[in-house]
Undergrad: 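Shown below is the structure under consideration.
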Amino acid sequence: MINDQTIQELKQAREEAEALKASAKAMLEIVEKSPAYIEAADQARKAADYVLDLESHIRHEALATYVDTQEKHPRPEIEIKVFKVVDILNEAAAREWCFLNFRPALSLDVKKFEKAAKDGSIPDELATVSEEPRVQIATKL
């Protein structure tokens, strides 16, 4: 049995948790507005951008070397990996072909199937719809 005291304890616990969260957020905002934090964040962004620029340059140079020499290890720290990439040229035609020739490639859209089952559009031998009780506690106690 749920009594008033338990509900009151939940209300107080939520209020305390919210107050502590707000306090931590306020402290964080003070720190984030400090000149030292602003400078550190700016330097961190610049350093991250520089890292990205260097990585991009190294990737570009390594790929150019690979195109010329087919060398997959231009340096001990760098490896060129070759992947097979598929471009589907006509998705509708591919879907039709799979329907007739390769059913494993077709997948079930579970969300749409569940919605159709709830609407009564799916035969009972394929899916059942039942009710499941779930507890929801009001946010404002």
Side-chain angles (χ1 to χ4, degrees), residues 2-141:
I2 301 168
N3 59 36
D4 290 345
Q5 180 182 348
T6 305
I7 297 294
Q8 189 59 34
E9 285 178 28
L10 175 59
K11 180 182 177 188
Q12 289 174 347
R14 283 180 174 175
E15 289 170 355
E16 182 179 351
E18 193 60 37
L20 290 169
K21 183 179 172 183
S23 176
K25 184 179 176 185
M27 287 183 210
L28 186 58
E29 287 175 1
I30 290 170
V31 169
E32 288 175 340
K33 290 178 182 176
S34 72
Y37 179 87
I38 292 169
E39 178 65 22
D42 185 50
Q43 293 299 322
R45 275 189 296 278
K46 288 178 182 176
D49 288 345
Y50 185 56
V51 167
L52 290 175
D53 288 345
L54 288 172
E55 288 175 348
S56 176
H57 174 73
I58 289 169
R59 282 189 179 91
H60 176 76
E61 292 297 321
L63 284 175
T65 300
Y66 175 75
V67 168
D68 290 342
T69 66
Q70 299 297 299
E71 173 62 43
K72 290 185 178 181
H73 296 279
R75 293 186 46 101
E77 310 89 346
I78 298 171
E79 178 182 4
I80 306 295
K81 294 184 179 182
V82 180
F83 296 89
K84 291 187 179 189
V85 178
V86 176
D87 290 324
I88 298 173
L89 304 177
N90 183 332
E91 191 172 328
R95 186 180 298 110
E96 182 65 27
W97 184 89
C98 287
F99 187 77
L100 298 171
N101 301 292
F102 191 61
R103 294 247 174 150
L106 303 174
S107 63
L108 177 66
D109 186 330
V110 175
K111 294 282 187 195
K112 286 183 182 178
F113 187 85
E114 288 175 349
K115 183 180 183 321
K118 290 175 185 175
D119 293 343
S121 303
I122 303 295
D124 291 342
E125 62 269 10
L126 296 179
T128 60
V129 179
S130 60
E131 292 184 351
E132 177 182 288
R134 296 181 186 172
V135 176
Q136 291 186 319
I137 303 170
T139 54
K140 300 288 184 189
L141 299 176

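Starting from 1, each residue takes its place in the sequence as its number.
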Undergrad: Within a 6.0 Å radius of atom CD on Gln43, are there more than 12 heavy atoms belonging to other residues, nucleotides or ligands?
TA: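 More than 12 heavy atoms, drawn from other residues, nucleotides or ligands, come within 6.0 Å of this atom.
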Undergrad: At what distance, to the nearest 0.5 angstrom, does NE2 of His60 lie from CD1 of Ile58?
TA: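 Rounded to the nearest 0.5 Å, the NE2-CD1 separation comes to 12.5 Å.
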Undergrad: Which pair of non-hydrogen atoms, one from Ala117 and one from Ile122, has the smallest distance, and what is that distance?
TA: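 Minimum heavy-atom contact is N-CG1, 3.4 Å.
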Undergrad: How long is the straight-line distance from CG of Leu141 back to CD of Glu15, given to the nearest 0.5 Å?
TA: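 The distance works out to 8.5 Å.
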Undergrad: Might you point out which heavy atoms bring Glu32 and Ile38 nearest each other, and give the distance in Å?
TA: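 Glu32 and Ile38 have their closest heavy atoms at O-CG1, 3.5 Å.
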Undergrad: Should Leu10 and Arg14 count as side-chain neighbours, where that means a heavy-atom distance under 4.5 Å?
TA: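 They are in contact (side-chain heavy atoms under 4.5 Å apart), so the answer is yes.
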Undergrad: Strictly by modelled atom types, are Asn3 and Thr6 linked by a side-chain donor-acceptor pair under 3.5 Å?
TA: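 Side-chain D/A pair, Asn3 to Thr6: present.
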Undergrad: Quick check: do Ile78 and His73 have side-chain heavy atoms less than 4.5 Å from each other?
TA: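 No; the side chains remain at least 4.5 Å from each other.
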Undergrad: CZ/Arg59 to CD1/Ile80 distance, rounded to the nearest 0.5 angstrom?
TA: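 Arg59 CZ to Ile80 CD1: 10.0 Å, rounded to 0.5 Å.
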Undergrad: Mind checking the CD-OG spacing from Glu29 to Ser34? Nearest 0.5 Å is all I need.
TA: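 Answer rounded to 0.5 Å: 12.5 Å.
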Undergrad: Just wondering, do Asp119 and Lys115 contact through their side chains at under 4.5 Å, heavy atoms?
TA: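 Of all side-chain heavy-atom pairs linking Asp119 with Lys115, at least one is under 4.5 Å.
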Undergrad: Any side chain to side chain donor-acceptor pair (under 3.5 Å) pairs touching residues 124-140, not counting sequence neighbours?
TA: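 Counting only pairs at least two positions apart or across chains, the side chain to side chain donor-acceptor pair (under 3.5 Å) contacts touching residues 124-140 are Glu132-Arg134.
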Undergrad: Salt-bridge test for Asp42 and Lys46: reply yes if a basic N is under 4.0 Å from a carboxylate O, no otherwise.
TA: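 The answer is yes: the pair qualifies as a salt bridge.
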Undergrad: Which atom names give the shortest non-hydrogen contact between Tyr66 and Lys72, and what distance separates them?
TA: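 Looking at all heavy atoms of both residues, the closest pair is CE1-CG, 3.8 Å.
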Undergrad: When you compare the side chains of Gln12 and Glu16, does any donor N or O come within less than 3.5 Å of an acceptor on the partner?
TA: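 The answer is no; no qualifying pair exists.
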Undergrad: Is any side-chain heavy atom of Leu52 closer than 4.5 Å to a side-chain heavy atom of Glu55?
TA: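 Yes; the side chains approach each other to less than 4.5 Å.
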Undergrad: Between Lys118 and Glu114, is the closest basic N to carboxylate O distance under 4.0 Å?
TA: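 Salt bridge between Glu114 and Lys118, a charged N being under 4.0 Å from a carboxylate O: no.
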Undergrad: Around atom CD1 of Ile2, are there more than 12 heavy atoms of other residues, nucleotides or ligands at under 6.0 Å?
TA: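 Counting neighbours around CD1 of Ile2, 12 or fewer heavy atoms of other residues, nucleotides or ligands fall under 6.0 Å, so no.
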Undergrad: Does NZ or CZ of Arg103 fall inside the cone over Phe99's six-membered ring, less than 6.0 Å from its centre and within 45° of the axis?
TA: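 Verdict for Phe99: a cation-pi partner in Arg103.
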Undergrad: Distance-only, no hydrogens or angles: does the Asn90 side chain make a donor-acceptor pair with backbone N or O of Ala92 under 3.5 Å?
TA: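 Indeed, once roles are kept as given, a pair shorter than 3.5 Å links the two residues.
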Undergrad: Under 4.5 Å between any side-chain heavy atoms of Gln8 and Asp4, yes or no?
TA: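 Contact flag for Gln8/Asp4 side chains = no.
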Undergrad: Could you tell me the separation between the CZ atom of Arg75 and the CD atom of Glu61, rounded to the nearest 0.5 Å?
TA: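 If we round to the nearest 0.5 Å, Arg75:CZ and Glu61:CD are 12.5 Å apart.
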Undergrad: For the CZ atom on Phe113, are there more than 12 heavy atoms of other groups (residues, nucleotides or ligands in this structure) within a distance under 6.0 Å?
TA: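 More than 12 within 6.0 Å, yes.
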